[in-house]
Novice: 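Structure in C-alpha cells, see below.
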Amino acid sequence: MQSVIHVDLGERSYDIEIAPDAIDQLGERMRSLDLGKKVLLVSNPVVFRHYGDRAMASLRDRGFEVAHCIIMAGEQYKTLNSIQKIYGQALEHQLERSSTMVALGGGVIGDMTGFAAATWLRGMNFIQVPTSLLAMVDASIGGKTGVNHPKGKNLIGAFYQPRLVLIDPKVLKTLPAREFRAGMAEVIKYGVIWDETLFEKMERCDRLDQLRFLPEELLHDILVRSCQSKVDVVVQDEREAGLRAILNYGHTIGHAVESLTRYKVTNHGEAVAIGMVAASRCAVQLKCWDEACDTRQFELIEKTGLPTKLPSNLDIEKILETLKTDKKVKDGKVRFILPKRMGEATISDRVTSDLLREVLPTLQ
C-alpha cells in the first residue's frame, strides 16, 4: 500500500510519501527534487545501525556525496550543544546552500536537524525520514523545528518546512514497544480533535499497545489519516496564529510533566496521554464536553497501554508555575486545548489554576 499526501503551502509545498521500503527510494526521490550533491545525514546510534547504510547507499547510488552526523536521541539531548555538533559536521563537509540535511530518526532528531538546516547558512534543504510512529504522524510534518531550554520545552526554534517527508512503515518493526505506544498518543489526539472516524476505528481494534496487534490495513489507515489531519490544520494556519494550536491538545500539561521530570520519567507520548486525560476532565467540569466522551478517550488511552496518572511525587503547584512559561500563554493567561465533541476541539482560556487544583489530584 502506498499513499501520497500533498502539503499545499505555495512555494513551501511538499509531499508526504508513505510506502513500504521507501527508505531505499530516498536517493531517487531526492534526485527528482533537483537538490545539490552534498548531503549530511543526521541520525542517532540505534537508528543509524539499523537503517543508516541503506539510506546512504540509496543516496550514493543516485550520485550524492554523503556524510553523516550521529547525535544522541532523547529530550535531554535536544539542546543547542547538539545543534553545535551538527553545525560542526556541516562546516567540515563544506555544505552549501544547495546542500541537504536529512533527518533519519524520531522526533528529536527531526526537530534538531530541521533547526540546524533552518539556521546554517541562513537555510538549506531539509528532508524528513521519520523512523518512529510519533515522528511519522506528527513531528515530521508541519515545519516546527527547535530545541529545549532548561526552563521549558521547544522554547528555541523556527518554522521551517521540509522538502519531502518519506515514511517507510516497515521500519516500525524495530521500534521499541514503549516508543510505539508513545506515537499512539498523538494518533488518539487526532481522533479526538479532528477525525472521529479514526477514533472509532481504533476503538474497534482489540489491542493497540503493540505494533503486532494492528492489522496492516489499520496501520496504513492510521498513518494516512493522522498525516492528513495534521496537514488539514497546517495548510490553514502554518505558523500557529490560531487553529494550529489545537494540535497541542494534551501538550500543555504534558510539556510541564516532561520539564519537571527532566525528560527522564515519561517520554513525550506518555506525557501527552496524561495531558489529554487532564484536559478532558477540565472540559467536563466546564461543561463543554460530556462524561461519555471523557470515558471513551480514557478507555482508548488505557487500551494503548499509556499512562493516565501523573508521575509520583510531582507537585501540582510546580506544574501550575511551569505553565506560565508555556508558549501558548497570551496576555498572562494559559490557553488550553479542550475537546468539544469527538472530532472537534477549541482553544480556551477558561482553565484556571483553581480548576487545575481540582482536576489534577484526580490524576494522582
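Given the structure is predicted, the values throughout are model-derived calculations rather than measurements.
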Novice: Could you walk me through whether R31 and D61 pass the salt bridge (Lys or Arg N to Asp or Glu O under 4.0 Å) test, one step at a time?
Specialist: CA-CA 10 Å; R31 175 56 65 206; D61 285 348; over 6 Å; no

Novice: Roughly how far apart are T197 OG1 and M342 CE, rounded to 0.5 Å?
Specialist: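 Reported value, rounded in 0.5 Å steps: 11.5 Å.
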
Novice: For side-chain contact (heavy atoms from CB on, under 4.5 Å), just list the numbers for K144 and D111, CA-CA rounded to whole Å, side-chain angles, deciding distance to a tenth of an Å, and then say yes or no.
Specialist: CA-CA 7 Å; K144 278 190 176 180; D111 282 2; 5.7 Å; no

Novice: Tell me whether L208 is reachable from V272 by hopping between hydrophobic residues (I, L, V, M, F, W, Y) whose side-chain heavy atoms are closer than 4.5 Å.
Specialist: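 Yes, because V272 and L208 connect within a single hydrophobic cluster, where side-chain heavy atoms sit under 4.5 Å apart.
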
Novice: Quick one: do F115 and N154 satisfy side-chain contact (heavy atoms from CB on, under 4.5 Å)? Show the steps, please.
Specialist: CA-CA 11 Å; F115 184 66; N154 293 331; over 6 Å; no

Novice: Can you name the closest pair of heavy atoms from I71 and S82 and give their distance?
Specialist: CG2-O, 4.3 Å

Novice: Determine, for E75 against K153, whether the closest basic-nitrogen to carboxylate-oxygen distance falls under 4.0 angstrom.
Specialist: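 Salt bridge: yes.
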
Novice: Can V165 be reached from F159 by stepping across I, L, V, M, F, W or Y side chains whose heavy atoms are under 4.5 Å apart?
Specialist: no

Novice: Return the minimal non-hydrogen interatomic distance between I141 and C227, and the atom names on each side.
Specialist: CD1-SG, 3.5 Å

Novice: Grouping I, L, V, M, F, W and Y whenever their side-chain heavy atoms are under 4.5 Å apart, do L26 and M124 come out in a common cluster?
Specialist: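 No; tracing contacts between hydrophobic side chains, which count when under 4.5 Å, never links both residues.
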
Novice: With hydrophobic residues grouped by side-chain heavy-atom distances under 4.5 Å, do V108 and M72 end up in a single group?
Specialist: no

Novice: I need the N44 CG to H50 NE2 distance, nearest 0.5 Å.
Specialist: 9.5 Å

Novice: Decide yes or no on side-chain contact (heavy atoms from CB on, under 4.5 Å) for L134 and E179, but give the supporting numbers first.
Specialist: CA-CA 8 Å; L134 192 150; E179 293 301 321; over 6 Å; no

Novice: For E238 and R12, which heavy atoms make the closest approach, and how far apart are they?
Specialist: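 Minimum heavy-atom separation between E238 and R12: OE1-NH2, 2.6 Å.
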
Novice: side-chain contact (heavy atoms from CB on, under 4.5 Å) between D168 and V129: does it pass, once the steps are laid out?
Specialist: CA-CA 8 Å; D168 184 347; V129 186; over 6 Å; no

Novice: If hydrophobic clusters are built by linking Ile, Leu, Val, Met, Phe, Trp and Tyr wherever their side-chain heavy atoms come under 4.5 Å apart, do L164 and L40 end up in the same one?
Specialist: no

Novice: For M1, what are the other residues in its hydrophobic cluster, where any two members join if their side-chain heavy atoms are less than 4.5 angstrom apart?
Specialist: none

Novice: For a quick test of reading the model, state the closest non-hydrogen atom pair linking V187 to L198 and the distance between them.
Specialist: O-CD2, 3.9 Å

Novice: Salt bridge (Lys or Arg N to Asp or Glu O under 4.0 Å), that's the test. Do K324 and E321 meet it? Break it down for me.
Specialist: CA-CA 6 Å; K324 295 177 183 178; E321 185 66 26; 3.3 Å; yes

Novice: How long is the straight-line distance from CG of L360 back to CD of E317, given to the nearest 0.5 Å?
Specialist: 9.5 Å

Novice: State whether E270 and R178 are salt-bridged, where the test is any N-O pair (Lys NZ or Arg NE/NH1/NH2 against Asp/Glu carboxylate O) under 4.0 Å.
Specialist: yes

Novice: Got a salt bridge between D21 and R54, using NZ or NE/NH1/NH2 to carboxylate O under 4.0 Å?
Specialist: yes

Novice: Should we say atom OH of Y87 is surrounded by more than 12 heavy atoms from elsewhere, each under 6.0 Å from it?
Specialist: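 Check passes, neighbour count above 12.
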
Novice: Any non-hydrogen side-chain atom of I16 less than 4.5 Å from a side-chain atom of V4?
Specialist: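 Counting from C-beta outward, I16 and V4 never come under 4.5 Å.
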
Novice: Under a 4.0 Å threshold between the charged nitrogen and the carboxylate oxygen, would D195 count as salt-bridged to R225?
Specialist: yes

Novice: If you define the side chain from C-beta out and look only at heavy atoms, does anything of L356 sit under 4.5 Å from C282?
Specialist: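 Yes; the side chains approach each other to less than 4.5 Å.
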
Novice: Please report the C-alpha distance between H68 and S43 in whole Å, then the side-chain angles of each, then the deciding distance to 0.1 Å, and finally whether the side-chain hydrogen bond (donor to acceptor under 3.5 Å, both in side chains) criterion is met.
Specialist: CA-CA 8 Å; H68 65 275; S43 190; over 6 Å; no

Novice: Can K303 and E203 be counted as an ion pair, charged N to O under 4.0 angstrom?
Specialist: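 No, this pair does not count.
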
Novice: Quick check: closest heavy atoms across L363 and T308, and the distance to 0.1 Å?
Specialist: CG-O, 3.8 Å

Novice: Run the side-chain hydrogen bond (donor to acceptor under 3.5 Å, both in side chains) check on E258 and H251 step by step: do they pass?
Specialist: CA-CA 10 Å; E258 288 182 276; H251 289 57; over 6 Å; no

Novice: Count the heavy atoms belonging to other residues, nucleotides or ligands that lie under 6.0 Å from NZ of K309, then report whether that count exceeds 12.
Specialist: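 Check passes, neighbour count above 12.
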
Novice: If you round to the nearest 0.5 Å, how far is OH of Y51 from CG of D53?
Specialist: 12.5 Å

Novice: Between E17 and Q25, is the side-chain hydrogen bond (donor to acceptor under 3.5 Å, both in side chains) condition met? List the steps.
Specialist: CA-CA 11 Å; E17 300 185 12; Q25 305 302 314; over 6 Å; no

Novice: Counting only heavy atoms not in D34 (residues, nucleotides, ligands), do more than 12 fall under 6.0 Å from its CG?
Specialist: no

Novice: Is the closest side-chain donor-acceptor distance between R281 and T362 under 3.5 Å?
Specialist: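 Yes, side-chain donor-acceptor contact under 3.5 Å.
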
Novice: Of all heavy-atom pairs between V359 and A278, which one has the smallest distance, and what is that distance?
Specialist: CG1-O, 3.8 Å

Novice: Decide side-chain hydrogen bond (donor to acceptor under 3.5 Å, both in side chains) for D294 and S280; before the verdict, give the C-alpha distance in whole Å, the side-chain angles of both, and the deciding distance to 0.1 Å.
Specialist: CA-CA 6 Å; D294 175 64; S280 176; 2.4 Å; yes

Novice: Would you tell me whether D138 and Y190 have side-chain atoms, one donor and one acceptor, within less than 3.5 Å of each other?
Specialist: yes

Novice: For the residue pair L214 and R207, establish whether any side-chain heavy-atom pair is separated by less than 4.5 Å.
Specialist: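 Result no, sub-4.5 Å side-chain heavy-atom pair not found.
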
Novice: Report the distance from atom CD1 of I18 to atom CG of D15, rounding to the nearest 0.5 Å.
Specialist: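 So the gap between those two atoms works out to 11.0 Å.
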
